[in-house]
Asker: 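Quick one: the structure is below, questions incoming.
Note: hydrogens, waters and symmetry copies are ignored here, and every other heavy atom, side chains too, is used. No experiment lies behind these values; they were computed from the predicted model shown.
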Amino acid sequence: MSRTSRLPSSLLRAAACTGVAALALTACGSGSGSGSASTGSGEVKVGLITKTDTNPFFVKMKEGAEKSAKAEGVKLMTAAGKFDGDNAGQVTAIENMVASGVKGILITPSDSKAIVPAIEKAKAKGVLVIALDTPTEPESAVDALFATDNLKAGELIGEYAKAAMKGKTAKIAALDLAPGVSVGVQRHNGFLKGFGATDKDVACAQDTGGDQSKGQTAMENCLQKEPGINVVYTINEPAALGAYTALKAKGREKDVLIVSVDGGCTGTRAVKDGKIAATSQQYPLKMAAEGVKAVVTYAKDGKKASGYTDTGVTLITDKAQDGVASKDTAYGLENCWG
């Protein structure tokens, strides 16, 4: 999924291993090759390719991969797109990693469909490929998927919004991701399902790329189209904060319900501060750690991970609604990322 946010300096330092300007591969969490997953040909290499290396979500994902690689005694190679949606960059990264002899590749696809041919070529060379966070289309293009159930994440905030409206007529704005990205589709559809609505019930829908400034512009556009909007679904918390800024400028921030997905620390604090009513929290560190372990298992005994592994999602809010399971922001801040 697209996630865009400004990083604090500590996270920028954590991201430095990859580099923003290029897709050059970097060895991180290097092992000596003497770990249990080593083979006769030398140390085991694991590749991690994220959508970007500046987004806190992917910084945390990389952190999880680095810790797991160090614990397993394997070498982690990392790469990232120059921007969210940089499919060509991810294709190059896959080709470079295969040429470098990785045993497995963990990838968060920027384009769920366009990346598939490159993945198929890697698999044909015996490389285990696991999608993290974002499914490919088709999902079976990779060996396995470790990710949030994004449909469920959307359903949770949809159910919450429905309960919080307490029978009032809803005028919904949907601040979506972008065409062709499965995460965005799943969250959008999940929200509608949880709310008991359809696309016909959405008064305004705009793509934001998960970007805060674009979220603000999208909200401004929606308010022009339908000034009576009172429920805002957002693809992620940066888009939600952009929407909040636009609403505040109109004096509407207290009478419009905003719900979102991600569970980053900035977003969770926004829930605590009342800017966002609720968010569905996901766990990127767990996705990456489990992915590295799966590659190590494959290197050790040839057993391939398969199918979908749900890495969990929790509704975070300080204004709980009857019939909707949730945790408060104290829990959210203990488990957030970024």
Asker: Counting N and O atoms only, with roles assigned by atom type, does the side chain of K303 sit under 3.5 Å from a partner on the main chain of T297, one being a donor and the other an acceptor?
Answerer: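 Checked: no pair found.
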
Asker: Looking at side-chain heavy atoms only, is the closest gap between S68 and E72 below 4.5 Å?
Answerer: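 Of all side-chain heavy-atom pairs linking E72 with S68, at least one is under 4.5 Å.
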
Asker: Do other residues, nucleotides or ligands put more than 12 heavy atoms under 6.0 Å from K304 NZ?
Answerer: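 More than 12 within 6.0 Å, yes.
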
Asker: Side-chain contact test, heavy atoms from C-beta onward, threshold under 4.5 Å: evaluate it for Y308 versus D149 and give yes or no.
Answerer: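 The answer is yes, as the side chains (C-beta and beyond) meet within the 4.5 Å cut-off.
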
Asker: I'd like to check V116 versus E137 (side-chain heavy atoms, cut-off strictly below 4.5 Å). Are they in contact?
Answerer: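 No, too far: nothing below the 4.5 Å cut-off.
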
Asker: Taking all atoms of both residues into account, what is the closest heavy-atom pair of P109 and I115, and its distance?
Answerer: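 Closest heavy-atom pair between P109 and I115: CB-CG2, 3.9 Å.
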
Asker: Are any non-hydrogen side-chain atoms of I130 and I105 less than 4.5 angstrom apart?
Answerer: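 No, every pair of side-chain atoms sits at 4.5 Å or beyond.
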
Asker: Okay, side chain of D262, backbone of G264: is any donor-acceptor separation there less than 3.5 Å?
Answerer: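 No.
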
Asker: So do the side chains of L223 and R252 get within less than 4.5 Å of each other, counting heavy atoms only?
Answerer: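 They are in contact (side-chain heavy atoms under 4.5 Å apart), so the answer is yes.
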
Asker: Backbone N or O of L192 within a donor-acceptor pair of the N189 side chain at under 3.5 Å?
Answerer: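 Checked: no pair found.
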
Asker: Do Q281 and K327 have side-chain atoms, one donor and one acceptor, less than 3.5 Å apart?
Answerer: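 Note: Q281 and K327 side chains miss the donor-acceptor criterion.
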
Asker: Let's go through D318 and T329 carefully: what are the C-alpha distance in whole Å and the side-chain angles of both, what is the deciding distance for side-chain hydrogen bond (donor to acceptor under 3.5 Å, both in side chains) to 0.1 Å, and is it a yes or a no?
Answerer: CA-CA 6 Å; D318 284 334; T329 56; 2.7 Å; yes

Asker: Is D322 paired with K166 through a side-chain N to carboxylate O contact shorter than 4.0 Å?
Answerer: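 A salt bridge is absent here (no side-chain N lies under 4.0 Å from a carboxylate O).
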
Asker: Working note: T108 + T50, criterion side-chain hydrogen bond (donor to acceptor under 3.5 Å, both in side chains); need CA distance, chi angles, decisive distance, verdict.
Answerer: CA-CA 5 Å; T108 60; T50 53; 5.2 Å; no

Asker: Closest approach of A239 and T208, non-hydrogen atoms and distance?
Answerer: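 Minimum heavy-atom contact is CB-OG1, 3.8 Å.
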
Asker: Any donor-acceptor pair under 3.5 Å linking the side-chain atoms of S326 with those of T317?
Answerer: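 No, no side-chain donor-acceptor contact under 3.5 Å.
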
Asker: Look up atom CE in M287 and atom CG in D133, then write down how far apart they are to the nearest 0.5 Å.
Answerer: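 Separation between the atoms: 5.0 Å.
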
Asker: Are a donor atom and an acceptor atom from the side chains of T148 and N150 found within less than 3.5 Å of each other?
Answerer: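 Per modelled atom types, T148 and N150 side chains form no pair under 3.5 Å.
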
Asker: Is it possible for you to say whether F191 and L156 belong to one hydrophobic cluster, with membership spreading through side-chain heavy-atom contacts below 4.5 Å?
Answerer: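 Looking at the clustering, L156 is in the same group as F191.
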
Asker: Classify the side-chain pair Q216/E220 by whether it contains a donor and acceptor separated by less than 3.5 Å.
Answerer: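 Judged by distance alone, the side chains do pair up.
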
Asker: Looking at D201 and A197, would you say the former's side chain and the latter's main chain have a donor-acceptor pair under 3.5 Å?
Answerer: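 Such a contact is absent between D201 side chain and A197 backbone.
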
Asker: Nearest 0.5 Å, please: how far is CG in D211 from CG in L175?
Answerer: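 The CG atom of D211 is 12.0 Å from CG of L175, to the nearest 0.5 Å.
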
Asker: Please answer whether the main-chain N or O of K171 pairs with a side-chain N or O of E226 as donor and acceptor at a distance below 3.5 Å.
Answerer: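 Looks like no, no N/O pair under 3.5 Å.
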
Asker: Any side-chain heavy atom of E237 sitting closer than 4.5 Å to one from T266?
Answerer: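 No, too far: nothing below the 4.5 Å cut-off.
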
Asker: Can you hop from Y244 to I229 via hydrophobic side chains spaced under 4.5 Å?
Answerer: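 Yes, Y244 connects to I229 through the hydrophobic network.
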
Asker: Rounded to the nearest 0.5 Å, what separation is found between the OG atom of S306 and the CG atom of L145?
Answerer: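 The OG atom of S306 sits 11.5 Å away from the CG atom of L145.
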
Asker: For the residue pair C265 and G338, what are the closest heavy atoms and their distance?
Answerer: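 Smallest heavy-atom distance, with atoms named: SG-O, 3.4 Å.
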
Asker: Can you name the closest pair of heavy atoms from V313 and K152 and give their distance?
Answerer: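 Residues V313 and K152, closest heavy atoms: CG1-CD, 3.8 Å.
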
Asker: Can you check whether W337 reaches M61 side chain to side chain, under 4.5 Å on heavy atoms?
Answerer: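 No, side chains not in contact.
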
Asker: For K70, is there an ion pair with E66 - N to carboxylate O distance below 4.0 angstrom?
Answerer: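 The answer is no: the pair does not qualify as a salt bridge.
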
Asker: Give a yes or no on whether L76 and V295 share a hydrophobic cluster (residues Ile, Leu, Val, Met, Phe, Trp, Tyr; joining criterion: side-chain heavy atoms under 4.5 Å apart).
Answerer: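 Result: yes, single cluster for both.
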
Asker: When you look at E290 and K286, which way does the salt bridge (charged side-chain N to carboxylate O under 4.0 Å, His left out) test go after all the steps?
Answerer: CA-CA 6 Å; E290 294 299 316; K286 183 177 180 180; over 6 Å; no

Asker: With the 4.5 Å side-chain cut-off for hydrophobic clustering, are M77 and I119 part of the same group?
Answerer: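 Yes; tracing contacts between hydrophobic side chains, which count when under 4.5 Å, links both residues.
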
Asker: Going by the side chain to side chain donor-acceptor pair (under 3.5 Å) test, name the single residue among N335, T314, T311 that passes it with Y283.
Answerer: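 For Y283, the side chain to side chain donor-acceptor pair (under 3.5 Å) test succeeds with only one of N335, T314, T311, which is T314.
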
Asker: Has K103 got its NZ or CZ under 6.0 Å from the middle of the six-membered ring of Y298, at an angle within 45 degrees of the ring axis?
Answerer: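 That pair qualifies as a cation-pi contact.
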
Asker: Quick one: pull up CD1 in I235 and CG in D207 and give me the separation to the nearest 0.5 Å.
Answerer: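 If I round to the nearest 0.5 Å, the distance is 9.5 Å.
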
Asker: When rounded to the nearest 0.5 angstrom, what distance separates NZ in K275 from NZ in K254?
Answerer: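 So the gap between those two atoms works out to 11.0 Å.
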
Asker: To the nearest 0.5 Å, how far apart are CE in M219 and SG in C204?
Answerer: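 Between atom CE of M219 and atom SG of C204 there are 7.0 Å.
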
Asker: Just by modelled atom types, is the P135 backbone N or O under 3.5 Å from a matching donor or acceptor in the S182 side chain?
Answerer: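 It does hold such a pair.
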
Asker: One thing to verify: whether E159 and K162 come together as a salt bridge, which I'm taking to mean a side-chain N less than 4.0 angstrom from a carboxylate O.
Answerer: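 No.
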
Asker: Which atom names give the shortest non-hydrogen contact between A141 and K123, and what distance separates them?
Answerer: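 Scanning both residues, the minimum pair turns out to be O-NZ, 3.0 Å.
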
Asker: Taking F195 as the starting point, is it possible to reach I276 by hopping between hydrophobic residues whose side chains are less than 4.5 Å apart?
Answerer: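 As far as the 4.5 Å side-chain criterion goes, F195 and I276 are not connected within one cluster.
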
Asker: Ignoring hydrogens, what is the shortest heavy-atom contact between D143 and V127? Give both atom names and the distance.
Answerer: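 Smallest interatomic distance, heavy atoms only, reads OD2-O, 4.0 Å.
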
Asker: Flag the pair N230 / L257 as yes when at least one side-chain heavy-atom distance between them is below 4.5 Å, and no otherwise.
Answerer: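 A side-chain contact under 4.5 Å is absent here.
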
Asker: Could you please spell out the steps behind the side-chain contact (heavy atoms from CB on, under 4.5 Å) verdict for K75 and V44?
Answerer: CA-CA 6 Å; K75 178 178 286 187; V44 171; over 6 Å; no

